[in-house]
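Some notes on the structure that comes next.
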Amino acid sequence: MQFPVQETIEKRRSIRSYEPKPLRAEDRDKLMAFAEAVNNPFGVPTRIGLIETEHADSPKKLGTYGVIRGAGSFLGIAVAKEPLGLEAAGYDMEQVVLYATHLGLGTCWLAGTLNREGFTRAMGTGEGEWMPAITPVGYPAQKLSFHEQLMRSSMKSTQRKPWRELFFHTDFRTALCEADVGDYAPALELLRLAPSATNAQPWRVVMDGSAFHFYAVVGKDALAENPPAIQRVDVGIGACHFHLATQEKKLPGHFARLNDRVSSAPEGWRYLFSWVKG
């Protein structure tokens with residue numbers, strides 16, 4: 001990796017207020033070279049583009065309904081409409097988000113509070129693609145605006161669900177303890193810290209033998225395409241954290257879709273993939 005994974009994940013936070021100035025050429029070139037080189041373990045092609053708009057404080061010009069202030073540069077991702085495409089989009093974009101953090105740049109995942117039509121057009125998204133999310137990218141403002149302080153407070157941005165609500169052992173009734181997973185405890189903790197829409201943390205993981213089974217709490221909108229089910233993108237973000245952490249700790253394994261997995265999942269929980277040790 002080109003950045004320290006655990007340190008960068010723990011440092012990353014959502015930035016909604018930016019200095020109204022363009023990216024320096026050096027930062028832009030490094031960021032886009034990294035973006036062009038990313039790939040995901042699901043084998044789904046993605047395309048990350050830099051969208052530059054007029055630098056202004058006008059929410060209309062920014063196309064984010066006032067959620068983002070001062071930013072004039074955005075990263076968008078387009079992904080093929082394939083199984084695990086949305087998960088792949090979350091995985092690849094989060095790699096770039098973390099690299100941007102390493103460079104000292106601010107970012108903020110956006111899926112609902114954006115002019116989707118405008119950004120989709122700017123990305124040149126085709127009929128066979130989704131454009132599930134964007135992020136501003138730029139230099140964080142020196143002080144949080146009152147608007148951003150209010151949003152962070154209302155969304156409880158720094159809070160995360162405890163292990164017992166996210167991770168399970170063998171079945172969906174038994175909570176997974178850190179002592180049960182040994183070397184994998186840091187990877188699951190960094191998954192727990194992943195960002196998600198409205199901080200909902202829709203991922204659930206069941207450890208069963210030599211595998212970790214990943215589920216999404218998506219309900220009836222699991223297959224939604226317009227707009228895409230953001231919960232599946234969120235699980236891709238979490239999987240990125242987990243996978244990069246295993247790489248940093250040199251823990252061997254791979255992602256796969258398995259037939260032999262935990263049965264009787266709670267209603268609204270959808271199996272997506274598994275991490276198989278070794």
Side-chain angles (χ1 to χ4, degrees), residues 1 5 9 38-46 79-95 132 160-161 163-196 200-219 221-223 228-278:
M1 295 303 300
V5 173
I9 288 174
V38 298
N39 55 63
N40 59 80
F42 310 118
V44 181
T46 66
V79 61
K81 292 183 177 180
E82 297 182 11
L84 296 182
L86 294 174
E87 294 78 6
Y91 186 105
D92 279 352
M93 184 74 113
E94 182 65 1
Q95 291 184 82
R160 294 293 187 270
K161 298 182 189 300
W163 271 56
R164 65 179 181 275
E165 294 183 25
L166 301 173
F167 309 134
F168 302 88
H169 196 180
T170 307
D171 56 44
F172 296 102
R173 298 180 302 277
T174 307
L176 183 66
C177 300
E178 292 187 49
D180 297 331
V181 295
D183 292 341
Y184 279 87
L188 287 171
E189 176 61 16
L190 295 182
L191 162 58
R192 192 180 73 90
L193 296 179
S196 57
Q201 296 176 263
W203 45 78
R204 301 292 184 270
V205 178
V206 184
M207 186 183 78
D208 185 24
S210 62
F212 292 92
H213 305 300
F214 283 67
Y215 287 74
V217 180
V218 289
D221 295 327
L223 298 177
I230 194 61
Q231 299 95 333
R232 291 175 51 199
V233 177
D234 290 341
V235 177
I237 296 171
C240 174
H241 282 207
F242 178 90
H243 194 196
L244 295 185
T246 64
Q247 291 177 331
E248 187 167 68
K249 299 295 183 182
K250 296 181 170 56
L251 300 174
H254 64 279
F255 284 109
R257 285 183 64 85
L258 302 179
N259 292 323
D260 184 15
R261 57 184 189 266
V262 182
S263 59
S264 303
E267 184 177 0
W269 292 22
R270 181 185 180 195
Y271 170 76
L272 294 175
F273 47 79
S274 301
W275 169 262
V276 184
K277 299 178 185 179

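As the structure is a computational prediction, the values presented were derived from the model and not from experiment. Each residue takes its place number in the sequence, starting with 1.
Under the 4.5 Å side-chain criterion, counting only non-hydrogen atoms from C-beta, Lys277 is in contact with Tyr184. The closest side-chain heavy-atom distance from Ser196 to Ile237 is not below 4.5 Å.
A pairwise comparison of heavy atoms in Glu248 and Val5 identifies OE2-N, 2.8 Å as the closest pair. Residues Asp180 and His169 approach most closely at OD2-ND1, 3.8 Å, considering heavy atoms. When all heavy atoms of Phe212 and Phe214 are compared, the pair lying nearest together is O-CD1, 3.5 Å. The two residues Val79 and Gly85 come nearest to each other via the heavy atoms CG2-O, 3.2 Å. Taking each heavy atom of Ala194 and Gly238 in turn, the nearest pair found is CB-CA, 3.9 Å. Ala80 and Val44 make their closest contact through O-CG1, 4.1 Å (heavy atoms, listed as atom of the first residue, atom of the second, distance).
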Practice task
Given side chain to side chain contact (heavy atoms under 4.5 Å, CB included), test Val205 with Leu176 step by step and report yes or no.
Solution key: CA-CA 9 Å; Val205 178; Leu176 183 66; 6.0 Å; no
Problem - Check against side chain to side chain contact (heavy atoms under 4.5 Å, CB included), Val217 and Gln231 - result: CA-CA 7 Å; Val217 180; Gln231 299 95 333; over 6 Å; no
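Counting only distance, with no hydrogens or angles, the side chain of Arg257 and the backbone of Leu272 share a donor-acceptor pair below 3.5 Å. The main-chain N or O of Ala216 is never found under 3.5 Å from a side-chain atom of Arg270 such that the two would form a donor-acceptor pair. Checked by atom type and distance alone, the side chain of Gln95 never pairs as donor or acceptor with a backbone atom of Val38 at under 3.5 Å.
Distance CG/Leu188 to CG/Leu166: 9.5 Å, rounded to 0.5 Å. Going from atom CD of Glu189 over to atom CH2 of Trp163 covers 6.5 Å, rounded to the nearest 0.5 Å. Here the straight-line distance linking atom CZ of Arg192 with atom CD of Glu165 works out to 10.5 Å at 0.5 Å rounding. Rounding to the nearest 0.5 Å gives a distance of 11.5 Å between CG of Leu191 and CG of Leu244. We find the CH2-NZ distance between Trp203 and Lys161 to be 9.5 Å, quoted to the nearest 0.5 Å. To the nearest 0.5 Å, atom CG of residue Leu84 and atom CZ of residue Phe255 are 10.5 Å apart.
Residue pairs satisfying the side chain to side chain donor-acceptor pair (under 3.5 Å) criterion with at least one member in residues 236-246, sequence neighbours excluded, are listed as follows: Tyr91-His243, Glu94-His241.
Aromatic ring orientation, Trp269 versus Tyr215: tilted (interplanar angle from 30° to 60°).
Residues meeting the salt bridge (charged side-chain N to carboxylate O under 4.0 Å, His left out) test with Glu87, sequence neighbours left out: Arg232.
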